[in-house]
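Here's the structure we're looking at; comments come further down.
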Amino acid sequence: MKEDTVSTILKNAGLKVTPHRVAIYEYLHKYHKPISINQLYHKMESTGMDKVTVYRVIASLKDAFLVKQIDLGEDQAYYEIVDEHDHHHVVCQKCRTIVDFTGCGIDTVITKALEQTHFAKITHHSFELFGLCKKCVQ
Ligand SMILES: [Zn+2]
Ligand SMILES: [Zn+2]
Ligand SMILES: [Zn+2]
């Protein structure tokens, strides 16, 4: 992803373009899997970024809806880039393998939610599935 492209994405989201934001956005875009602050910090260590900076950058990207927080049932939160392809994760509770899946049928759920509540619009959704992979079930 070109640096210009990242700058445009950040500006369109109302964020100031800073080298740290560009570096983290680029990394998350390339990585394209859920990552924890700790893991991300280790990847960014060579750039001289400290953990507080990584945390702040992630918080700003999350507020701007460029990154979403993912709950994988651990004490620590995970973060992943937001893109146009809606997907969720299935997590093995034993070996912690994470696999993507698509087709969550959110349209049906949104229709139900709007029928049952006084909400005018649903803008985001988030959930993950947990279970046992075929290897771990044996
Ligand atoms: Zn994912
Ligand atoms: Zn497993
Ligand atoms: Zn979905």
Side-chain angles (χ1 to χ4, degrees):
M1 192 172 229
K2 278 200 230 133
E3 210 179 307
D4 295 5
T5 317
V6 179
S7 301
T8 310
I9 291 168
L10 293 175
K11 274 185 224 154
N12 286 346
L15 291 176
K16 228 170 79 185
V17 179
T18 68
H20 288 158
R21 276 184 188 148
V22 171
I24 287 186
Y25 188 91
E26 266 182 337
Y27 186 81
L28 290 176
H29 190 267
K30 203 170 65 190
Y31 189 68
H32 231 110
K33 278 183 291 204
I35 191 168
S36 69
I37 294 280
N38 269 330
Q39 289 170 324
L40 187 57
Y41 163 63
H42 287 300
K43 300 288 179 195
M44 291 292 137
E45 230 176 347
S46 58
T47 67
M49 244 184 267
D50 59 26
K51 214 187 235 176
V52 176
T53 308
V54 173
Y55 189 83
R56 282 194 190 132
V57 169
I58 284 292
S60 68
L61 293 174
K62 195 183 126 186
D63 287 346
F65 298 112
L66 295 177
V67 160
K68 62 176 174 180
Q69 188 172 326
I70 294 172
D71 177 8
L72 295 182
E74 292 179 23
D75 290 341
Q76 59 182 342
Y78 284 76
Y79 299 90
E80 191 177 57
I81 203 88
V82 171
D83 66 15
E84 66 277 20
H85 307 292
D86 179 39
H87 77 279
H88 302 269
H89 309 96
V90 191
V91 185
C92 178
Q93 285 174 300
K94 208 163 167 190
C95 68
R96 307 303 301 170
T97 297
I98 304 167
V99 185
D100 288 2
F101 79 96
T102 57
C104 68
I106 193 62
D107 294 343
T108 313
V109 179
I110 287 177
T111 306
K112 279 184 196 166
L114 293 179
E115 276 168 10
Q116 292 170 29
T117 66
H118 65 289
F119 276 66
K121 205 177 168 180
I122 304 296
T123 52
H124 297 84
H125 68 289
S126 91
F127 65 83
E128 317 306 330
L129 298 180
F130 299 87
L132 291 171
C133 73
K134 283 183 178 159
K135 248 188 264 164
C136 291
V137 88
Q138 279 164 10

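Since we're looking at a predicted model, the values are computed, not measured.
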Say you draw a straight line from [atom1] of [X] to [atom2] of [Y]; how long is it, rounded to the nearest 0.5 Å?
X	Y	atom1	atom2	result
E128	I98	CD	CD1	9.0 Å
L28	L66	CG	CG	10.0 Å
N38	K51	CG	NZ	4.0 Å
H42	I35	NE2	CD1	10.5 Å
H85	D100	NE2	CG	11.5 Å
I58	L40	CD1	CG	5.0 Å

What are the two closest heavy atoms between [X] and [Y], and how far apart are they?
X	Y	value
P34	Q39	O-OE1, 4.4 Å
C92	C133	SG-N, 3.5 Å
H32	H29	ND1-O, 3.1 Å
D107	T111	O-OG1, 2.8 Å

In the single-linkage hydrophobic clustering (I, L, V, M, F, W, Y; side-chain heavy atoms under 4.5 Å), do [X] and [Y] co-cluster?
X	Y	value
I122	V82	no
L129	V109	no
V99	V91	no
V67	V57	yes
I106	F101	no

[X] side chain near [Y] side chain, heavy-atom distance below 4.5 Å:
X	Y	answer
M44	T53	no
L10	K16	no
E80	H87	yes
Y79	I37	yes
L61	L15	yes
K68	S126	no

- Item | Intermediate values then yes/no, side chain to side chain contact (heavy atoms under 4.5 Å, CB included), H125 and D86 | CA-CA 10 Å; H125 68 289; D86 179 39; 3.2 Å; yes
- Ring centroid separation for H89 and Y78, is it under 6.0 angstrom? no
Step through the shown structure and confirm whether more than 12 heavy atoms of other residues, nucleotides or ligands are within 6.0 Å of [atom1] on [X].
X	atom1	answer
R56	CZ	no
F119	CZ	no
F127	CZ	yes

- Within 45° cone and under 6.0 Å: K30 NZ/CZ vs Y27 ring: no
- Go through the steps for S60 and R21 under the test side chain to side chain contact (heavy atoms under 4.5 Å, CB included), then give the verdict. CA-CA 9 Å; S60 68; R21 276 184 188 148; 3.1 Å; yes
- Could you walk me through whether M49 and I24 pass the side chain to side chain contact (heavy atoms under 4.5 Å, CB included) test, one step at a time? CA-CA 10 Å; M49 244 184 267; I24 287 186; 3.8 Å; yes
